[in-house]
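Not measured: the values here are computed from a predicted model. Letters A, B, ... mirror the listed sequences (proteins, then strands); counts begin at 1.
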Amino acid sequence: MTTPAVTRFAPSPTGAVHLGNARTALFSYLWARKTGGRFILRIEDTDVERSQHRYRDELIAELQWLHLTWDEGPDVGGPAGPYVQSERGAIYAALFEQLEAQGDAYPCYCRPEDLEIARKLQRMAGRPPRYPGTCRALSTAARRERAASGLRPTLRFAVPSDRVVEFADLVHGPQRLQTNDIGDFIVRREDGTASFFFCNAVDDALMGVTHVLRGDDHLANTPRQLLVLDALGLRRPDYGHVGLLVGADGAPLSKRHGSTSVQEFRQRGFLAAALLNHLVRLGHTGDVDRWLDLPEMPVHFRPEHLGKAPARFDEAQLLHWQKETIARLSPTEVGTWLGAGGDPRVAELLRHNVVLPKDAAPWLAVLRGDLPPLGEQERRILADAGSGFFATAAAAITESGADLPRLAKLVSARTGRRGAALYLPLRLALTGCAHGPELAPLLALIGADAARRRLESHAQDP
RNA sequence: GCUCCCUUCGUCUAGAGGCCUAGGACACGGCCCUCUCAAGGCUGUAACACGGGUUCGAAUCCCGUAGGGAGCGCCA
């Protein structure tokens, strides 16, 4: 358990960082930190169509926001660079050559349209859609002929027949798959770039990755990658396929579930530590229930407790960790989190009543003197206290100032009211709301003058 | 269609044949504390998908069924 694990996060810069990806990144990060190993960031941008620089920048920004720091990566370098796949063409080229020379790969001249048709036919015939092997047996002459006619081939891996690929999945246990169930797959596209099955596996091996944690959706594809690695004589990493992260309805997380990217949660005002605390419990159980700071998470991370079943993302639970996180923020941190940037006393006052920054708005309005309309029940409580009560209170505040204990003492002595009968009408007159933050600091912030005016406004009515 | 994977309270999960009249956390309800809300303390409701085996004994092992998911791409 103490052998240092080299793990990685290998996103493709084709969109915002999804929660599911963030979770596997977190698990990988924790594993490396737990064992004193290394955590690598690798950018898988072989899909030139969809990859964008801004996504890469965003992705890095989100990981930094989460404080998931990497030891090797595109920005910090490292011994196995470059860490961006689009810059690793030369490395792949040599490997393609080796594969071809060994007879483990062959050029394929089939056109996408033809393959599409073949797939359809196979499906209709009730057979799994697989590459029929058209180009596998092409003679050298035939290959030359096609090449001469200007066709640019892809490179296909020649999957050996009648063999069984076995591996021990870190979370699913022993796996075996017949090679006959796997069609020859493309390792190099027509444009010369490497395909996922190839470069993803190869880079893991080349970068010394020992443990690959990824989503369940890759489980069935792992044998292909193992085949490539074996053919190239590269070391197989251990693979762990964690159950997918799904929405509340059990369907794969998508836009219709609301926020699904790290960015969206950050923009809504969720704290990184809150997100981390929720994610670390999705499809994983540590050895403690309590809120954890990122630096102490590795100790409590238990790879053997990674789950196979899909986990539902439940915002109610995220909210809980958000509250826990807020409770641990320093006053200045609360201030910056709430935006306003202003008074630390305001931040301190609101921190227990706000889970997202937007929740602060009504209270900031109350401080400004912009009270919410009174409800039926609130009016009844005010009427019950009576205008005399508020006249007394307004008079008392000129003596006590914005000092609640003193004010309460005076008003209590003069009206005989105490407890809820005393505080509730005061709170209502002052804030317009029956519940909210502590009244004493609230009063102090409202100030004696504004408070007196609010009390007086209720002293008029009959 | 074929192959593979998954299935414990509403949710996240503990559980690796007897320790389980199934434990914890979140959510929900009640009580306490309290000017209110939040927090905190106590407490309650609530689950082994189904059907067969194996066994003295099964949430745990085996086989089926159902439901869900993934893969079979010049996406990753």
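Listed by chain and number, the residues in a salt bridge (charged side-chain N to carboxylate O under 4.0 Å, His left out) with A:D216 amount to none (sequence neighbours excluded). By the side-chain hydrogen bond (donor to acceptor under 3.5 Å, both in side chains) test, A:R130 is found to be paired with no residue, residues two or more places apart in sequence or in another chain being considered. Residues satisfying the side-chain contact (heavy atoms from CB on, under 4.5 Å) criterion with A:D162, sequence neighbours excluded, are A:N180. Every side-chain contact (heavy atoms from CB on, under 4.5 Å) that A:I186 has, sequence neighbours left out, goes to A:T154, A:R156. A search for salt bridge (charged side-chain N to carboxylate O under 4.0 Å, His left out) contacts involving A:D230 returns A:R236, not counting sequence neighbours. By the salt bridge (charged side-chain N to carboxylate O under 4.0 Å, His left out) test, A:R146 is found to be paired with no residue, residues two or more places apart in sequence or in another chain being considered. Residues satisfying the side-chain contact (heavy atoms from CB on, under 4.5 Å) test with A:R452, not counting sequence neighbours, are A:A394, A:I397, A:T398, A:D449, A:E456.
Evaluation of the ring-ring contact (aromatic ring centres under 6.0 Å, His included) test over residues 153-177 of chain A, restricted to residues two or more places apart or in two chains, returns A:F157-A:F185. Listed by first and then second residue, the salt bridge (Lys or Arg N to Asp or Glu O under 4.0 Å) pairs involving residues 318-327 of chain A are A:E324-A:R328 (not counting sequence neighbours).
Rounded to an integer number of Å, the gap from A:K308 NZ to B:C5 C1' is 10 Å. Computed from coordinates, the A:H241 NE2 to B:C6 C1' distance equals 14 Å when rounded to whole Å. For A:D289 and B:A27, the CG to P distance is 13 Å, given to the nearest whole Å. In this structure, CZ of A:F185 is placed 21 Å from P of B:U3, rounded to the nearest angstrom. Taking atom CD of A:Q175 as the reference point, atom P of B:C4 lies 10 Å away to the nearest angstrom.
If you check B:C31 for Watson-Crick or wobble pairing at under 3.5 angstrom, you find it paired to B:G41. Nucleotide B:C61: paired with B:G53 (Watson-Crick or G-U wobble, both distances less than 3.5 Å). A 3.5 Å limit on both hydrogen-bonding distances identifies no Watson-Crick or G-U partner for B:U21. Checking B:C72 for Watson-Crick or G-U wobble geometry (two distances, each under 3.5 Å) identifies B:G1 as its partner. The partner of B:C26 is B:G10, by the rule that a Watson-Crick or G-U pair needs both atom distances under 3.5 Å.
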Please encode protein proximity along nucleotides 30-50 of chain B as a string of B, S and -, counting only heavy-atom distances under 4.0 Å. -----BBBSSS----------
How does protein contact run along nucleotides 69-76 of chain B, one letter per nucleotide 5' to 3', with B for base contact, S for sugar-phosphate only, - for none, heavy atoms under 4.0 Å? SSSBSBSB
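Comparing B:G71 with B:A27, their P atoms sit 34 Å apart, to the nearest whole Å. Remark: the separation of the P atoms in B:C48 and B:U7 is 15 Å, to the nearest Å. Annotation: B:U11 and B:A16 have their P atoms spaced 23 Å apart (nearest Å). Going from the C1' atom of B:C35 to that of B:U45 covers 31 Å, rounded to whole Å.
Mapping A:W321 and A:P174 onto RNA chain B via the closest heavy atom, the residue that lands nearer the 5' end is A:P174.
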So which protein nitrogen or oxygen atoms get under 3.5 Å of nucleotides 12-16 of chain B's nitrogens or oxygens?
| residue | atom | partner | partner atom | Å |
| --- | --- | --- | --- | --- |
| B:C12 | OP1 | A:R312 | N | 2.9 |
| B:C12 | O3' | A:G283 | N | 3.4 |
| B:C12 | O2' | A:R281 | O | 2.2 |
| B:U13 | OP1 | A:G283 | N | 2.3 |
| B:U13 | O3' | A:T285 | OG1 | 2.9 |
| B:A14 | OP1 | A:T285 | OG1 | 3.1 |
| B:G15 | OP1 | A:H305 | NE2 | 3.0 |

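Under the ring-ring contact (aromatic ring centres under 6.0 Å, His included) test applied with A:F39, the options A:F9, A:Y83, A:W70, A:Y29 reduce to a single match, A:Y29.
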Kindly indicate, with the supporting measurements, whether the criterion ring pair (Phe, Tyr, Trp, His ring centres under 6.0 Å) is fulfilled by A:H278 and A:W321. CA-CA 7 Å; A:H278 187 215; A:W321 297 115; 8.2 Å; no
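Between A:T134 and A:C110 the shortest side-chain heavy-atom distance falls below 4.5 Å.
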